[in-house]
Amino acid sequence: MRIAVVPDGEGGGRLRELAADGVSEASLWRVSDLAGAIADYEKHAAESPRWVWASTDEVYPPLMEHSLRIGRCHDVALVEALLLGHQGRFGEARSLGAAWARLHGRDVPPDLAHHPGTGVVPQATLFEPDLSTLPPDVDRLAALVEVHADQQRRIAALPSPDRFALLAAVESAGALAAVEMAHVGVPWRADVHDKLLTEQLGPRPSAGARPGVLAELAERISDAFGRQVNPDSPAQLLRAFAAIGHPVPSTRSWVLRRVEHPVVPLLLRYKELARLHSANGWTWLDTWVQHGRFRPDYVVGGVVSGRWATRGGGALQIPKVVRRAVVADPDWTLIAADAGQLEPRILAAVSGDHALAAAAGSDDLYARLAGAFEGDRQRAKIGVLAAMYGQTGGDAAPLLRTMRRTFPRAMEYVDAAARAGEEGLLVRSWLGRTCPPPSPMWRRIVLGDAGSGAPDGRDGRDSDEGDPAGRAARERGRFTRNFVIQATAAEWALVFMAAVRRGLAALDPGAGVPQTVFFQHDELVLHVPRAAVDSAVEVLRGAEVETRHLLFGATEVRFPLDIAVVECYADA
DNA sequence: TTCGACTGCCAC
DNA sequence: AAACGTGGCAGTCGAA
């Protein structure tokens with residue numbers, strides 16, 4: 001059962017049950033307590049309803065304020081973006097109003113930016129802003145029902161409607177999970193974080209000033225150079241290194257590490273600490289952590305490959321050292337579950353390469369592959385990654401020859417994606433997420449579009465120097481080569497997360513309710529009452545099996561979960 | 001003063 | 001060892 005929902009912005013709203021065809025009218029009603037009505041339905045409906053709404057970002061957060069958790073939804077904006085992408089129209093406006101306008105041949109309004117504010121500061125809005133971009137005279141509910149029905153038709157007309165429907169479902173489930181995670185937050189011990197900062201940087205300085213340790217290092221660096229140098233300025237550092245007879249092409253750490261001069265260790269230390277201070281220092285702590293929780297702002301589908309992005313807070317790049325501050329509440333524990341070696345396993349599954357799939361049936365895929373690479377696990381790993389990333393430099397060439405010989409179908413899968421990219425074609429993930437088309441500029445340079453006739457001459461072997469067409473083509477080839485893997489890996493993670501979410505919701509709440517608090521590409525972190533740890537781990541294990549079968553059927557590929565039950569995230 | 005390009009480092 | 005994919009973000013520096 002699908003039910004279309006339009007909030008009225010004052011706590012109530014209108015709902016309409018959708019018949020199986022998505023169009024004909026079933027019951028329609030108006031409620032003054034939307035959260036209550038939805039909760040009733042979730043509780044009493046024979047089958048878990050799927051709520052159809054314009055955008056989870058807009059509709060779900062106010063419902064969560066009423067402690068409402070819903071099971072399933074269809075997020076019209078997210079699904080619209082997926083469908084547009086599939087048509088090669090990546091990036092076009094996706095909101096309900098835009099989809100409605102396209103249906104009616106009207107001017108398509110651009111999407112409005114969603115500004116939930118910076119993490120901890122709650123939005124003090126009197127009215128929920130309407131971001132649907134529908135014209136004011138159009139009935140919201142009627143438009144929603146119409147656009148949803150159209151989306152269902154478009155999905156049904158695709159070559160693999162079942163797969164795409166699964167994609168639409170898990171993308172929507174991800175949106176629910178993202179709102180829930182932002183609401184719950186990652187348990188974060190500000191005192192531990194502060195102590196860590198003080199140990200490394202010295203006492204907290206007054207606003208804007210350099211912490212003591214950094215200031216001292218900066219002084220010693222200037223002394224070592226024999227001139228005043230701001231170590232935060234790459235330009236000044238380049239000049240300073242040249243002046244002391246050690247010219248460097250850049251000031252990257254790995255470049256400096258090869259320079260033998262007493263200033264280098266000082267500088268490396270400075271860079272490390274300066275990074276900590278600027279990215280995850282006291283300012284970050286003040287901005288993003290409050291009441292013992294870090295609340296990042298996830299952007300579902302924010303990455304072309306379908307991975308999530310975050311807006312502010314840098315949630316997807318929390319450095320290892322800072323994870324010390326992520327500590328479970330008393331009598332609670334953290335469960336970190338990540339899918340080890342996810343991408344090569346995805347490659348094995350989607351390509352149907354039996355040799356690679358056999359290796360992917362073991363816990364350590366790379367170790368299994370070592371035999372083909374002179375017994376060297378590390379070389380096997382580089383070979384596999386080079387195949388998926390399109391690496392050609394370094395030692396990659398001989399490893400790729402081995403890959404091609406040993407895993408021909410896997411290599412052909414990624415090579416085909418790369419060729420498609422170089423020709424300006426689109427590639428898709430396993431479930432149908434589609435890469436963006438090349439830019440007009442790219443088409444001009446590589447394909448010679450827009451009048452100039454034949455493509456620029458290139459034979460694929462020339463070096464990058466002076467061959468912008470070849471360079472651009474290979475760059476896009478690497479992108480599409482990686483896209484088919486990364487995007488499918490992201491799908492695995494979404495399906496897995498949806499399965500975990502459903503499994504946790506079905507647990508007996510008597511032992512306390514486990515919460516998903518963090519998601520990072522191929523890793524899920526749960527915050528779990530001690531009494532519920534075993535059942536939560538069971539849910540995770542079951543979700544992996546379910547995900548594997550749902551995506552790949554009876555494959556021999558395994559997706560082993562590394563599950564760590566810890567007090568502190570740094571110990572995972 | 002504001003803005004964007006650029007550099008560099010963090011995560012997967 | 002350092003050209004290999006997706007990103008976010010802070011800082012510098014020159015242009016508007």
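In the text below, chain A, chain B and the rest are named by the order of the sequence lines, each starting its count at 1.
The phosphate of dC13(C) has OP1 or OP2 within less than 4.0 Å of a side-chain N or O from Q236(A). The side chain of R258(A) contributes an N or O atom lying less than 4.0 Å from OP1 or OP2 of dA2(C). Contact annotation: S305(A) does not reach the phosphate of dG5(C) (side-chain N/O to OP1 or OP2, under 4.0 Å). Taking 4.0 angstrom as the limit, S233(A) places a side-chain polar atom (N or O) nearer than this to OP1 or OP2 of dC13(C).
Between L273(A) atom CG and dA10(C) atom P there is a gap of 18 Å when expressed in whole angstrom units. Atom-to-atom, CH2 of W254(A) to P of dA1(C) comes out at 12 Å; the value is rounded to the nearest Å. When rounded to the nearest whole Å, the span between OH of Y298(A) and P of dT6(C) equals 22 Å. Between the C1' atom of dA3(C) and the CG atom of N482(A) lies a distance of 15 Å, rounded to the nearest Å. dG7(C) atom C1' lies 12 Å from atom OH of Y389(A), rounded to whole Å. In this structure, R481(A) atom CZ and dG5(C) atom P are separated by 11 Å, rounded to whole Å. Straight-line distance from the CZ atom of R275(A) to the P atom of dT12(C): 14 Å, rounded to whole Å. Between N230(A) atom CG and dC13(C) atom P the separation is 7 Å, expressed in whole Å.
R257(A) comes within contact range of no nucleotide atom at all, as no heavy-atom separation falls under 4.0 Å. No engagement by R476(A) is indicated, since no non-hydrogen atom pair under 4.0 Å with the nucleic acid exists. Across all strands, V304(A) comes closer than 4.0 Å only to sugar-phosphate atoms, never to a base (heavy-atom distances). At a threshold of 4.0 angstrom between heavy atoms, the contacts of L342(A) with the nucleic acid are absent. Nucleic acid contact class of Q520(A) (heavy atoms, under 4.0 Å, all strands): sugar-phosphate only. Using a 4.0 Å heavy-atom cutoff across all strands shown, G312(A) reaches sugar-phosphate atoms only and no base atom. Here E343(A) lies out of heavy-atom contact (under 4.0 Å) with every strand.
With 3.5 Å as the limit, one finds a donor-acceptor pair spanning the side chains of Q341(A) and D364(A).
Note on D415(A) versus R481(A): salt bridge recorded, some NZ/NE/NH1/NH2 to OD/OE distance being below 4.0 Å. One finds no salt bridge joining R419(A) and E422(A) here, because no Lys/Arg side-chain nitrogen approaches an Asp/Glu carboxylate oxygen to under 4.0 Å.
Aromatic ring centres of W492(A) and F552(A) lie farther apart than the 6.0 Å criterion allows.
When atom types are taken as modelled, the side chain of W308(A) and the backbone of Q520(A) share no donor-acceptor pair closer than 3.5 angstrom. Within the 3.5 Å criterion, the main-chain N or O of V350(A) finds no donor-acceptor partner in the side chain of W430(A). In this structure a side-chain-to-backbone donor-acceptor pair under 3.5 Å is missing from R433(A) to L82(A).
Checking R307(A) against G313(A), the closest nucleotide of DNA chain C that is more toward the 5' end is the one next to R307(A).
With sequence neighbours excluded, the residues that form a salt bridge (Lys or Arg N to Asp or Glu O under 4.0 Å) with R548(A) are E544(A).
Within 6.0 Å of CZ in R204(A) there are more than 12 heavy atoms belonging to other residues, nucleotides or ligands.
Boundaries of the chain A contact region on DNA chain B are dT7(B) to dC12(B), first to last in 5' to 3' order (nucleotide atom under 4.0 Å from a heavy atom).
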**OP:** Before giving the answer on salt bridge (charged side-chain N to carboxylate O under 4.0 Å, His left out), spell out for K271(A) and D232(A) the whole-Å C-alpha distance, their side-chain angles and the decisive distance to 0.1 Å.
**Re:** CA-CA 8 Å; K271(A) 279 170 170 282; D232(A) 288 323; over 6 Å; no
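Residues from residues 241-253 of chain A that place a heavy atom under 4.0 Å from any atom of DNA chain B, listed by number: S250(A), T251(A), R252(A), S253(A).
Taking only side-chain atoms of D232(A), from C-beta outward, the nucleotide of dT12(C), dC4(C), dT6(C) with the closest atom is dT12(C).
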